[in-house]
*Asks:* 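Got a structure for you, written out below as structure tokens; questions coming shortly.
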Amino acid sequence: MSAEIIDGKQIAGRVRITVARDVEAYSETFSGATPGLATILVGDDPGSAVYVAGKQKACKEVGMTGFNYPLPADTSREEVVALIERLNADAAVNGILLQLPVPAPLDGVELTGMIDADKDVDGLTAVSAGRLALGIQGLRPCTPQGVMTLLESVGTELEGAEAVVIGRSNLFGKPMAQLLLEANATVTTCHSRTRDLAAVCRRADVLIAAVGRPRMVKGDWVKPGAVVVDVGMNRTDDGLAGDVDFDAVKEVARAITPVPGGVGPMTIAFLLRNTLQAARMARSRG
Ligand code: NAP
């Protein structure tokens with residue numbers, strides 16, 4: 001029997017509607033104030049510009065205030081640092097996002113690290129990663145949070161389940177593994193040096209692929225009845241492809257995300273949710 005297709009577009013749409021409703025309630029409570037998201041884009045990479053424009057548009061659609069800071073590619077480190085410090089101190093700004101990658105010689109990791117962890121809506125600073133590792137309240141990375149919601153949407157039992165994450169990036173693989181662990185799954189993180197990857201994957205009740213290699217996960221890597229989430233976004237000659245061989249795996253899995261239309265739409269939805277959470281946290285600190 002063919003797997004249930006997890007409709008990320010529809011689920012992300014529902015998250016956005018909830019955020020919009022919550023933003024309205026926030027505004028009513030706080031005399032018309034709205035959560036604010038600042039985006040910083042250094043340079044003129046067209047792909048990054050499209051991403052930032054999408055984030056700003058989504059922000060306005062849910063009633064938040066967007067602040068956009070496009071900077072020329074030759075902006076100095078000191079200028080970016082000064083902007084981040086100014087936004088850190090600005091009470092109207094609840095979330096700050098530095099679009100990555102930044103052009104050389106700027107260091108995206110160093111600059112991201114300067115964002116106040118309470119405004120770190122991408123959840124990428126060392127403080128946010130530490131809070132996640134310790135189970136302390138904080139802002140979690142958007143895409144892994146989105147994957148948790150997709151898993152929930154198909155009633156995935158995580159407690160005691162074998163979960164395998166392929167990929168150990170700071171952006172996705174590591175925080176994904178932490179969230180699954182927090183949900184009491186037994187988690188294995190795989191990477192380029194993992195021995196017999198296929199055998200490890202076959203143990204998984206929940207298999208999450210975030211590698212960046214088109215259709216790497218084959219049908220016979222998947223345990224019958226597993227839930228498979230494909231985070232990969234690979235541009236190929238025949239269009240966008242995930243890390244999972246969708247046609248083969250959908251015949252084995254119980255549920256699977258497509259590419260596009262699976263994980264992708266969840267990221268912006270959770271960026272909006274994080275911005276609202278950051279605004280609420282700021283209010284509760286007074
Ligand atoms: P990344 O930083 O390049 O990490 C890739 C990971 O895959 C690394 O941990 C690497 O292992 C591992 N890997 C590479 N080749 C492998 C192999 N043959 N077998 C097993 N593991 C292998 O990538 P990322 O940022 O996590 O992103 C991964 C994919 O997800 C990309 O396609 C990206 O576009 C996509 N993505 C999508 C979204 C979204 O939809 N919103 C968000 C984030 C990422 P080593 O650590 O050993 O090198």
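In listed order, ligands and their atoms are each counted from 1.
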*Asks:* Just by distance, no angles: are the side chains of Thr34 and Ser27 close enough, under 3.5 Å, to form a donor-acceptor pair?
*Replies:* no
*Asks:* Tabulating one pair per line, provide the atom names and distances (0.1 Å) for every N/O atom of ligand 1 that is less than 3.5 Å from a protein N/O atom.
*Replies:*
from: ligand 1; atom 1: 9 (O); to: Arg168; atom 2: N; distance (Å): 2.8
from: ligand 1; atom 1: 11 (O); to: Ser192; atom 2: N; distance (Å): 3.2
from: ligand 1; atom 1: 15 (N); to: Arg213; atom 2: NE; distance (Å): 3.4
from: ligand 1; atom 1: 21 (N); to: His191; atom 2: O; distance (Å): 3.4
from: ligand 1; atom 1: 21 (N); to: Ser192; atom 2: N; distance (Å): 3.4
from: ligand 1; atom 1: 26 (O); to: Ser169; atom 2: OG; distance (Å): 2.5
from: ligand 1; atom 1: 30 (O); to: Val231; atom 2: O; distance (Å): 3.4
from: ligand 1; atom 1: 32 (O); to: Met233; atom 2: N; distance (Å): 3.0
from: ligand 1; atom 1: 41 (N); to: Thr267; atom 2: OG1; distance (Å): 2.7
from: ligand 1; atom 1: 46 (O); to: Arg168; atom 2: NE; distance (Å): 2.7
from: ligand 1; atom 1: 47 (O); to: Arg168; atom 2: NE; distance (Å): 3.4
from: ligand 1; atom 1: 47 (O); to: Arg168; atom 2: NH2; distance (Å): 2.8
from: ligand 1; atom 1: 47 (O); to: Ser192; atom 2: N; distance (Å): 3.2
from: ligand 1; atom 1: 47 (O); to: Ser192; atom 2: OG; distance (Å): 2.5

*Asks:* Has Asp243 got a side-chain atom pairing as donor or acceptor with Asp230's backbone, closer than 3.5 angstrom?
*Replies:*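 Side chain of Asp243 to backbone of Asp230, a donor-acceptor pair under 3.5 Å: no, none is there.
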*Asks:* Any heavy-atom pair between the side chains of Arg203 and Thr188 that's under 4.5 Å?
*Replies:*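 Yes; the side chains approach each other to less than 4.5 Å.
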*Asks:* Verify whether one side chain among Gln145 and Asn274 offers a donor that lies under 3.5 Å from an acceptor in the other.
*Replies:* yes
*Asks:* Any Lys/Arg nitrogen of Asp90 or Lys119 sitting under 4.0 Å from an Asp/Glu carboxylate oxygen of the other?
*Replies:* no
*Asks:* Going by heavy atoms in the side chains, are Val244 and Leu207 under 4.5 Å from each other?
*Replies:*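 Heavy-atom side-chain distance check fails, nothing below 4.5 Å.
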